[in-house]
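Everything on this sheet refers to the single structure shown next.
Below, chain A is the first sequence line, B the second, and so on; all start at residue 1. Note that the structure is predicted; figures quoted are calculated from it, not measured.
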2 protein chains.
Amino acid sequence: MATEQGTADELARTLRDAILRLNRRVRQTRAVGELTFSQLSALTSLQLAGALTPRELADVERVQPPTMTKIVGKLEERGLVVRTPHPTDGRQVILAPTEQGREMYAQFEKVRNEWLAEQLAGLSDSERDVLLRAAQIMQQVARA
Amino acid sequence: MATEQGTADELARTLRDAILRLNRRVRQTRAVGELTFSQLSALTSLQLAGALTPRELADVERVQPPTMTKIVGKLEERGLVVRTPHPTDGRQVILAPTEQGREMYAQFEKVRNEWLAEQLAGLSDSERDVLLRAAQIMQQVARA
DNA sequence: CACGATTCTTAGCTTAGCTAATAAGCTTGG
DNA sequence: CCAAGCTTATTAGCTAAGCTAAGAATCGTG
């Protein structure tokens, strides 16, 4: 429909701009030594799932397998994740957070969240509600 | 307030996740030869403003000056932007889109928008409304 | 059991972003 | 009026994120 398409076009522009800028802004809040955005996201997914293969994790994170190899490599270097052989399938590998990974996760995640949470705390209830609903819609769109 | 802080924390997590994934997803829609996300955004800002110095453009884009030097370099290579000396201040440079830049902008922008616009067109009016309002709030937060 | 498919990794590339350092030009205080 | 200090832009050099192509190992199946 012409109207809906027009609105959708406009909205797409605005939304792209908004997520580009907010992404940049949030990334800037990372202190040296902290986990990056992508590393933290991968670790989060592993925490939630308990354990995943690289392929599964790549799918969840919407990234190609070689990209995930790199990200997991960084996490492994820091002792936050372990690779163990798959019990029956020799090709596969099981990725799981270590005890240290679980511990560090909580604190890193908190620090990483701080700046944005502060900004959001300064908004009104209804603004936060809009953001929450929008976030859910965006996650759903990203899955498509 | 405890409640607001709690909600803000939760929301911050969800929102970070949503923009990370949507950003990745949208970036994936780029065909080879097209302008990147960042290049397109810089070109857009130049179009809107007419002309800007690198410093001004970097500020608008929320990026450090050397980063902008690179992005503008790519645009200049492709003949989409010109650098001209500042009339009175010898240190500064004026960046402006070329005629070709203005022409290509429209078409690239359209293509780049397509995938997301399609997804958004499939949503309901009220969902689009939520996203629009959220985008405005996010832009405002990103400015902080 | 050989061949095709799957899984993971390696290699090699581009882009995005940063800080530190440089070069040039501007501005101002003595 | 000029030296000292600020501002602007760029360069150099780094890390990280992402991709594709290609490899090695393993699995499953005809």
Side-chain angles (χ1 to χ4, degrees), chain A residues 19-43 51-78 81-95 112 142, chain B residues 19-43 51-78 81-95 112 142:
Chain A
I19 64 178
L20 173 72
R21 287 192 159 65
L22 188 54
N23 230 340
R24 277 180 182 159
R25 189 65 187 78
V26 170
R27 277 173 198 274
Q28 282 174 3
T29 65
R30 183 173 76 94
V32 294
E34 268 176 40
L35 295 174
T36 66
F37 225 42
S38 295
Q39 290 166 13
L40 194 51
S41 180
L43 187 52
L52 293 170
T53 67
R55 154 68 66 184
E56 289 168 336
L57 184 52
D59 286 347
V60 170
E61 290 292 308
R62 293 223 143 258
V63 139
Q64 294 302 308
T67 301
M68 194 43 73
T69 297
K70 275 198 200 173
I71 294 174
V72 169
K74 299 274 164 56
L75 293 172
E76 204 184 14
E77 272 173 25
R78 302 179 65 155
V81 158
V82 275
R83 295 183 219 240
T84 54
H86 191 286
T88 66
D89 189 335
R91 295 166 303 181
Q92 297 187 52
V93 166
I94 307 286
L95 304 173
R112 205 74 170 78
Chain B
I19 63 177
L20 173 71
R21 287 191 159 67
L22 188 55
N23 230 340
R24 277 181 181 157
R25 189 66 186 79
V26 170
R27 275 174 200 274
Q28 282 174 5
T29 65
R30 182 174 74 95
V32 294
E34 269 176 40
L35 295 174
T36 66
F37 225 41
S38 295
Q39 290 165 13
L40 194 51
S41 181
L43 187 51
L52 292 171
T53 67
R55 154 69 66 185
E56 288 168 336
L57 185 53
D59 285 348
V60 170
E61 291 292 308
R62 294 222 142 259
V63 139
Q64 293 302 308
T67 300
M68 194 43 73
T69 297
K70 276 196 199 174
I71 294 175
V72 168
K74 299 275 163 56
L75 293 173
E76 203 184 16
E77 272 173 27
R78 302 180 64 155
V81 158
V82 276
R83 294 183 218 238
T84 53
H86 191 285
T88 64
D89 189 336
R91 294 166 303 179
Q92 296 186 51
V93 165
I94 306 287
L95 303 174
R112 205 76 171 78

(request) Using whole Å, report how far CZ of Arg55(B) lies from C1' of dA24(C). (result) 15 Å
(message) Between Arg62(A) and Leu20(B), is the side-chain contact (heavy atoms from CB on, under 4.5 Å) condition met? List the steps.
(response) CA-CA 10 Å; Arg62(A) 293 223 143 258; Leu20(B) 173 71; over 6 Å; no
(message) Can you confirm whether Leu75(B) sits close enough to Leu35(B) that some side-chain heavy atom of one is under 4.5 Å from a side-chain heavy atom of the other?
(response) yes
(message) Just the rounded figure in Å: distance from C1' of dA16(C) to CZ of Arg27(B).
(response) 8 Å
(message) Here's a test for you: under side-chain contact (heavy atoms from CB on, under 4.5 Å), which of Leu52(A), Leu57(A), Asp59(A) qualifies with Arg55(A)?
(response) Asp59(A)
(message) Over all strands shown, is Pro54(A) touching base, sugar-phosphate only, or nothing at heavy-atom distances under 4.0 angstrom?
(response) sugar-phosphate
(message) Nearest whole Å is fine: how far is dA16(C) P from Leu20(A) CG?
(response) 10 Å
(message) Quick check: do Thr69(A) and Pro54(A) have side-chain heavy atoms less than 4.5 Å from each other?
(response) no
(request) Take atom CE of Met68(B) and atom C1' of dT19(C), then tell me their distance rounded to the nearest Å. (result) 17 Å
(message) From CD of Gln64(A) over to P of dC13(C), roughly how many Å is that when rounded to an integer?
(response) 19 Å
(message) What is the first contacted nucleotide of DNA chain D and what is the last, in 5' to 3' order, if contact means an atom lying under 4.0 angstrom from a heavy atom of chain A?
(response) dA16(D) to dC27(D)
(message) So Lys70(A), base contact, sugar-phosphate only, or nothing? Heavy-atom distance under 4.0 Å.
(response) base
(message) Does Ser38(B) reach a base, just sugar-phosphate, or nothing at all? Heavy atoms under 4.0 Å.
(response) sugar-phosphate
(message) I'd like to know if the side chain of Thr29(B) and the backbone of Arg25(B) have a donor-acceptor N/O pair within less than 3.5 Å.
(response) no
(message) Using heavy-atom distances to pick each residue's nearest nucleotide on DNA chain D, tell me which of Glu56(B) and Ile71(A) is more 5'.
(response) Glu56(B)
(message) Under 4.0 Å, heavy atom to any atom of DNA chain D: which of residues 84-92 of chain A qualify?
(response) Thr88(A), Asp89(A), Gly90(A), Arg91(A)
(request) Could you check Lys74(A) against Pro65(B) and say which one's nearest nucleotide on DNA chain D is further toward the 5' end? (result) Pro65(B)
(message) Nearest whole Å is fine: how far is dC13(C) C1' from Arg30(B) CZ?
(response) 12 Å
(request) Flag the pair Val82(A) / Glu76(A) as yes when at least one side-chain heavy-atom distance between them is below 4.5 Å, and no otherwise. (result) no
(message) Measuring only between side-chain heavy atoms, which start at C-beta, is Ile19(B) closer than 4.5 Å to Arg21(A)?
(response) no
(message) Taking any heavy-atom pair under 4.0 Å as a contact, classify Thr67(B): base, sugar-phosphate, or nothing.
(response) base
(message) Please classify the nucleic acid contact of Thr36(B) as base, sugar-phosphate, or nothing, using heavy-atom distances under 4.0 Å.
(response) sugar-phosphate
(message) For a side-chain contact (heavy atoms from CB on, under 4.5 Å) check, start with the C-alpha distance between His86(B) and Val93(B), then their side-chain angles and the critical distance, and finish with the verdict.
(response) CA-CA 5 Å; His86(B) 191 285; Val93(B) 165; over 6 Å; no
(message) Within the 3.5 Å criterion, strictly below it, is a donor on Ser38(B) or Arg24(A) matched to an acceptor on the partner's side chain?
(response) yes
(message) Nearest whole Å is fine: how far is dT15(C) C1' from Gln28(B) CD?
(response) 15 Å
